[in-house]
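First the structure, in the form of structure tokens, and then the observations on it.
Residue numbers start from 1 in every chain, and the chains themselves are labelled A, B, ... in the order their sequence lines are given, proteins ahead of strands.
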Protein chains: 2
Amino acid sequence: MDHPDIAEVARRSGVPASTLRFYEEKGLIASTGRRAGRRVFDPGVLQRLALIAMGRAAGFSLDEIALMFAPDGRPRIDRETLRAKADELDETIRHLTAMRDGLRHAADCPAPSHMECPTFRRLLRAAESGAMSAPEGGLSGRSAPAAAGGRRAPAPRPADG
Amino acid sequence: MDHPDIAEVARRSGVPASTLRFYEEKGLIASTGRRAGRRVFDPGVLQRLALIAMGRAAGFSLDEIALMFAPDGRPRIDRETLRAKADELDETIRHLTAMRDGLRHAADCPAPSHMECPTFRRLLRAAESGAMSAPEGGLSGRSAPAAAGGRRAPAPRPADG
DNA sequence: CCTTGACCTCAAGTCGACTTGAACTGGCAC
DNA sequence: GTGCCAGTTCAAGTCGACTTGAGGTCAAGG
């Protein structure tokens with residue numbers, strides 16, 4: 001199969017055919033032509049899909065990923081971009097780690113109510129101050145999209161006052 | 001101001017008035033009544049909003065958060081739920097950490113093209129195998145919703161073959 | 001008295017990444 | 001030769017968390 005059809009690509013990559021069509025429409029991948037009206041792909045599309053999957057996993061949007069391919073189709077990934085994304089991930093990891101530790105403590109805390117646990121309250125302040133937003137991506141739970149606007153909250157000392 | 005109006009709550013909490021109305025409609029918060037047709041809140045709504053912010057930061061959906069309040073309005077958070085979410089965050093953190101390390105290595109890798117860097121290629125395999133999805137929440141970049149379906153990709157050894 | 005401005009309601013729009021549905025085509029088996 | 005299946009196109013729907021817009025109300029101020 002040196003010229004897989006959409007079903008073959010879907011099978012090998014694990015990416016649904018509908019998504020492959022969508023990606024093609026977006027310019028993220030390309031079919032080499034049609035055979036009896038059906039898309040024919042180059043085997044290289046598999047590597048490209050892997051690259052796209054990696055980009056998504058790293059937190060890049062499809063539009064950002066599209067910019068990482070030269071017009072000729074070869075990946076051309078700016079090292080600075082990678083560093084910047086790594087830094088972003090660092091931030092995210094920091095927040096999530098703090099949140100995880102707080103959750104775990106609260107889960108084991110002997111205080112009768114969470115509101116009486118100092119750690120929980122500290123966590124509460126961190127969250128309300130807008131230092132975080134909403135993590136997740138679909139790794140375990142089914143999701144929780146995100147902030148679309150970029151609000152972030154000024155929060156001049158809400159509760160407890 | 002022991003009975004703040006919506007503007008006051010918005011100011012103190014950093015949550016836009018539109019969001020407060022939305023949260024009220026969703027049953028996440030409640031106003032104590034109306035004064036000249038306008039919402040009047042109890043000061044306790046601020047703590048409640050903090051709780052909601054924390055829940056969001058921990059990756060809970062608004063619907064999940066809604067379940068964490070007893071009908072009488074008091075928070076009643078199951079410790080098991082917290083533990084489960086902490087475990088989820090652990091997973092997420094693990095993935096993001098691997099991705100971050102890979103990105104950073106790739107950024108500093110002396111290989112002329114990323115495709116020639118073994119670490120980058122390893123990263124690629126990890127991503128394509130569907131071990132990840134799409135992280136982020138709005139912490140630095142402006143977003144990247146997530147996988148809603150729960151696809152995850154079988155991926156029987158895509159590229160490189 | 002009339003404007004202003006903050007608030008109200010309700011419906012619809014937004015964002016990103018896809019999925020789904022309807023209507024159609026083309027090749028193969030029977 | 002016809003029935004099916006797998007593919008095609010294009011438009012529209014989905015999901016979550018909000019935002020935005022239109023049109024209306026109301027108390028205060030000039």
Checking A:Ala70 now: which residues fulfil side chain to side chain contact (heavy atoms under 4.5 Å, CB included) with it, not counting sequence neighbours?
A:Asp72, A:Arg76
Counting only side-chain N and O atoms of B:Tyr23, is one of them less than 4.0 Å from OP1 or OP2 of D:dC18?
yes
Round to the nearest Å and state the distance from A:Glu64 atom CD to C:dC15 atom C1'.
14 Å
Check the distance between D:dC18's C1' and B:Leu62's CG and give it to me in whole angstrom.
9 Å
Measure from CG on B:Leu20 to C1' on C:dT9 and round the result to the nearest Å.
16 Å
Can you measure A:Glu24 atom CD to C:dC18 atom P for me and round it to whole angstrom units?
15 Å
Across all chains, not counting sequence neighbours, the side chain to side chain contact (heavy atoms under 4.5 Å, CB included) partners of B:Ala17 are B:Ile6, B:Arg21
Which listed nucleotide (C:dC18, C:dT9, D:dT19) is nearest to the side chain of B:Arg39?
C:dT9
Base, sugar-phosphate, or nothing: which does B:Ala7 touch, judged by heavy atoms less than 4.0 Å apart?
sugar-phosphate
From D:dA17, D:dG7, C:dC7, nucleotide with atom closest to B:Ile6 side chain:
C:dC7
Ring pair (Phe, Tyr, Trp, His ring centres under 6.0 Å) partners for A:Phe120, two or more places apart:
A:His114
For A:Phe22, enumerate each residue passing the side chain to side chain contact (heavy atoms under 4.5 Å, CB included) test, keeping only those at least two apart in sequence or located in another chain.
A:Lys26, A:Leu62
Restricting to salt bridge (charged side-chain N to carboxylate O under 4.0 Å, His left out), what partner residues turn up for A:Glu24, sequence neighbours left out?
A:Arg39
Would you mind telling me which residue lines up with the more 5' stretch of DNA chain D, B:Ala36 or B:Lys26, judged by nearest nucleotide?
B:Lys26
Show me the donor-acceptor pairs, under 3.5 Å and distance only, between side chains in residues 98-107 of chain B and residues at least two apart or in other chains.
residue, atom, partner, partner atom, Å
B:Arg100, NH1, A:Asp90, OD1, 2.6
B:Arg104, NH1, A:Asp90, OD2, 2.9
B:Arg104, NH2, A:Asp87, OD1, 2.5
B:Arg104, NH2, A:Asp90, OD2, 3.2
B:His105, NE2, B:Thr119, OG1, 3.1

Take atom CG of A:Leu49 and atom P of C:dA17, then tell me their distance rounded to the nearest Å.
15 Å
B:Asp78: partners by salt bridge (charged side-chain N to carboxylate O under 4.0 Å, His left out), with sequence neighbours left out:
none
In whole angstrom, what separates A:Leu28's CG from C:dG16's P?
14 Å
Does A:Arg74 CZ have over 12 foreign heavy atoms under 6.0 Å away?
no
Output the rounded distance in Å from CZ (B:Phe60) to P (D:dA17).
13 Å
Sequence-distant partners of A:Glu80, salt bridge (charged side-chain N to carboxylate O under 4.0 Å, His left out), two or more places apart
A:Arg83
Heavy-atom donor-acceptor pair, B:Glu64 side chain to B:Ser61 backbone, under 3.5 Å:
yes
Between the protein and nucleotides 10-12 of chain D, list the N/O to N/O atom pairs that are separated by less than 3.5 angstrom.
none

Given D:dT19, is OP1 or OP2 found less than 4.0 Å from the side-chain N or O atoms of B:Thr19?
yes
Rounded to whole Å, how long is the line connecting atom CG of B:Asp5 with atom C1' of D:dC26?
14 Å
With A:Ala30 via side chain to side chain contact (heavy atoms under 4.5 Å, CB included) - residues at least two apart:
none
5' to 3', nucleotides 20-25 of chain C under a 4.0 Å protein heavy-atom cut-off (B base, S sugar-phosphate only, - none) gives B-----
Phosphate OP1/OP2 of D:dT9 contacted by A:Arg34 side-chain N/O (<4.0 Å):
yes
Is there a side-chain contact between A:Arg11 and the phosphate of D:dA6, meaning an N or O under 4.0 Å from OP1 or OP2?
no
Enter the inter-axis angle for the ends of the helix from C:dC1-D:dG30 to C:dC30-D:dG1 (five pairs per end, rounded to 10°).
40°
Is it the case that A:Arg48 places NZ or CZ above or below the six-membered ring of A:Phe69, under 6.0 angstrom from the centre and within 45 degrees of the axis?
yes
